[in-house]
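For ligands, and for the atoms within them, numbers begin at 1 and follow the listed sequence. In this text the structure is predicted, and so the values were computed from the model without any measurement.
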Amino acid sequence: MTARLGMHTLTAGRGLLFGGDYNPEQWPEEVWAQDAELMRAAGVNLVTVGVFSWARLEPEPDVRDFGWLDRVLDLMGENGVAVDLATPTASPPPWLGHRWPQTLPVDESGHRLWYGARNQFCPSSPVYRERALSIVSALASRYAGHPALALWHVGNEYGQVCHCDESAAAFRAWLRERYGDLETLNEAWGTTFWSQRYGDWAEIVPPRLAPYIINPSQRLDWRRFCSDALLEHYRAERDLLREHTPGTPVTTNFMGLFKPVDYWSWAGEEDVVSNDWYPEPGDPLAPARTALTHDLMRGLAGGRPWLLMEQATSAVNWRPHNLPKPPGQFRLESLQALARGADGLCYFQWRASRFGAERFHAAMVPHAGPDTRLHAAVRAHGRELRGLASVAGTPVPARVAMVFDWASWWALEERGRPSDRLDATDQLLSYYLPLWERGVSVDVVPPSAGLSGYALVVVPNLFLVGDRDAAALTAYARGGGVLVVGPFSGVVDERSHVRTGRFPAPLREVLGASGEEWRPAPDDVPVRCRWAGGAAFTAHTWTELVAAEGAQAVAEFAGGDLAGSPAVLRHRAGDGVAWYVATMPEAAALGEIIERALADAGVAGALPRLPPGVEAVRRGDVLFLLNHGAETAVVPIPWQAEDLLTGAVAGGEVTLAPRDVVALRPHAE
Ligand code: GAL
């Protein structure tokens, strides 16, 4: 059996990876030599090459020009820089769309999208598939065995959706596979509603622009199909690469909580999980949102190290108003990813481009050149990462899991529901925030994950739940775990049909409670609630008429139609505890609920007391403290430790200026 490929394949002998997207095709060759020198000086050891180079590699169908790429790979190899070589299939050359317009994607209203930007392909187009595999195979056979080749980067940020007739045919084939016959499909889609019965497979089309609300079960299957169609294409490229280079790991770059693609079904198809992540500098929740995303990546990687493929040294160019990062910010963000399990910290991009759509996007070498404060900071960061090599490969232990599911996300956020204010990722973040503030590490996991190793499992929202997953959550709590379930969970089955009876039907027994009405609250009118002890708090947006059936009301609604009925319930379920939150409590109140659930689970944060804005996370034997706040923070630490970043010895307390980070390795007793 061959050893499993992974981040360790890349970090062995290299330590932590540091580098970025490198687009030498945009520059004359004299600049390449300077690039290589600058990369060495900055400690760059990995670059992603060729992501958008299809037209350069194949200027006309079957006319190939690899000479320039040979020279790039040789140059990188000579300078000790490993290459993450991309298949160039995210951006086909104009000749593909011109000669074969059927490869161009079609939107919901039937308009074809043209070349002139990027990503213009139909995932189900046989011609696209054939031409893509042909260039991938040429690339793989040419560079197999090249000493600089370390990693394959398939496509870029998969997410394309196409509504054309070829996609419709592929959708039908996918549906046949899923349902076998039309009768089962009609039942699954509930087509007796609004006279939608299909009598012939040929009648079935993707959800295209329609006069009113489209069938939610049809749309859910369409989303599943779109994710699978892209995955099928990814797999085809990956398999070719593996044939030629079985010892070279393969990745494709994810985009955090990206809705169109179910990353749970993708991650296992990669050797390395990688992510592109661009926190918004003006977003006060960015540090927690980012931590959550990193924890998701670690979950996707099955707890193993992952690669931060793209981040920005300063401003991006694709938001309407692009704030630059203050000095120290990109380093703070990079070290945050390291603390949460990344073994590689890479950037988009190495050198800022002069032309094209991204000419105002930050880079490691800005337009002003290497003699700049930004590039000096890049070098300093590269240097300090070399000193942190011992962190590579170490795990981020967590006793808390948070369940998140793409199908449930898709099903929840369809039109025609009680309230579109209930957003799956906002719910996730609101339950994550109090854990993050307390320095409690969290693994983000799919509903099908094994849960028995966790002391606390938080389910912020699981609108769609299958019988088996509901039974697993029940068994987890009854077997001694602590379960927290947020509102509007357990509502529909895998077909997005409402589960009838009192809700949440499949979790009713474990929660010791059930409800009969979902009652969204008026905007801007706080929902008044009261703890059992009498203290008041507010909630917002959402309430439910719920009755205890063995659970205790920990808090109740204190006004309006639901006054006196339970708002938060706690149930001794078998050997464990189950909580149900039937509203959206304000942050402090949700923090209180999480605090009590942590106490039930016997889980404590990384340190007893953390000042606001300070993130604490343990990786291996190193405790990272990161100050995201605007004030200097003093953090008490109960032991003596060495800061791996400065070599200084710390004890008693640590003082962190804004954007400061320490990586504390405790002294042996
Ligand atoms: C990513 C993409 C890169 C570049 C970058 C800009 O989405 O993979 O190619 O466009 O964003 O932030």
Atoms of ligand 1, numbered as shown, that sit under 4.0 Å from any heavy atom of [X]:
{"X": "Glu157", "result": "1 (C), 2 (C), 7 (O), 8 (O)"}
{"X": "Asn156", "result": "2 (C), 8 (O), 9 (O)"}
{"X": "Asp276", "result": "8 (O)"}
{"X": "Glu358", "result": "4 (C), 5 (C), 6 (C), 10 (O)"}

Exercise for review: Heavy-atom distances under 4.0 Å are what count here, so tell me which part of His361 touches ligand 1: side chain, backbone, both or neither.
Suggested key: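 Side chain only; the backbone of His361 stays clear of ligand 1.
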Review point. How does Gln349 reach ligand 1, if at all, at less than 4.0 Å between non-hydrogen atoms: by side chain, backbone, both, or neither?
Key: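 For Gln349, no heavy atom sits under 4.0 Å from ligand 1.
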Centroid separation under 6.0 Å, is that true for the rings of [Y] and [X]?
{"X": "Tyr263", "Y": "Trp266", "result": "no"}
{"X": "Tyr143", "Y": "His244", "result": "no"}
{"X": "Tyr347", "Y": "Phe330", "result": "yes"}
{"X": "Trp350", "Y": "Phe348", "result": "no"}
{"X": "Tyr115", "Y": "His98", "result": "no"}

Exercise for review: Decide whether the shortest distance between a heavy atom of Arg118 and an atom of ligand 1 is less than 4.0 Å.
Suggested key: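 Right, Arg118 reaches ligand 1.
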Check your understanding: What is the closest protein heavy atom to atom 2 (C) of ligand 1, and at what distance does it sit?
Key ->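 Of every protein heavy atom, Glu310 OE1, 3.2 Å lies nearest to atom 2 (C) of ligand 1.
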**Study point:** Identified side-chain hydrogen bond (donor to acceptor under 3.5 Å, both in side chains) counterpart of Gln336 within the set Glu615, His294, Arg331
**Key:**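 Filter result, single survivor: Glu615.
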Exercise for review: Among Asn156, Ile135, Leu133, find the one that has a side-chain contact (heavy atoms from CB on, under 4.5 Å) with Thr89.
Suggested key: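 So, applying the side-chain contact (heavy atoms from CB on, under 4.5 Å) to Thr89 and each of Asn156, Ile135, Leu133, only Ile135 qualifies.
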Exercise for review: Tell me which one of Trp318, Phe52, Tyr278 gets a heavy atom nearest to atom 5 (C) of ligand 1.
Suggested key: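 Among Trp318, Phe52, Tyr278, the closest heavy atom to atom 5 (C) of ligand 1 belongs to Tyr278.
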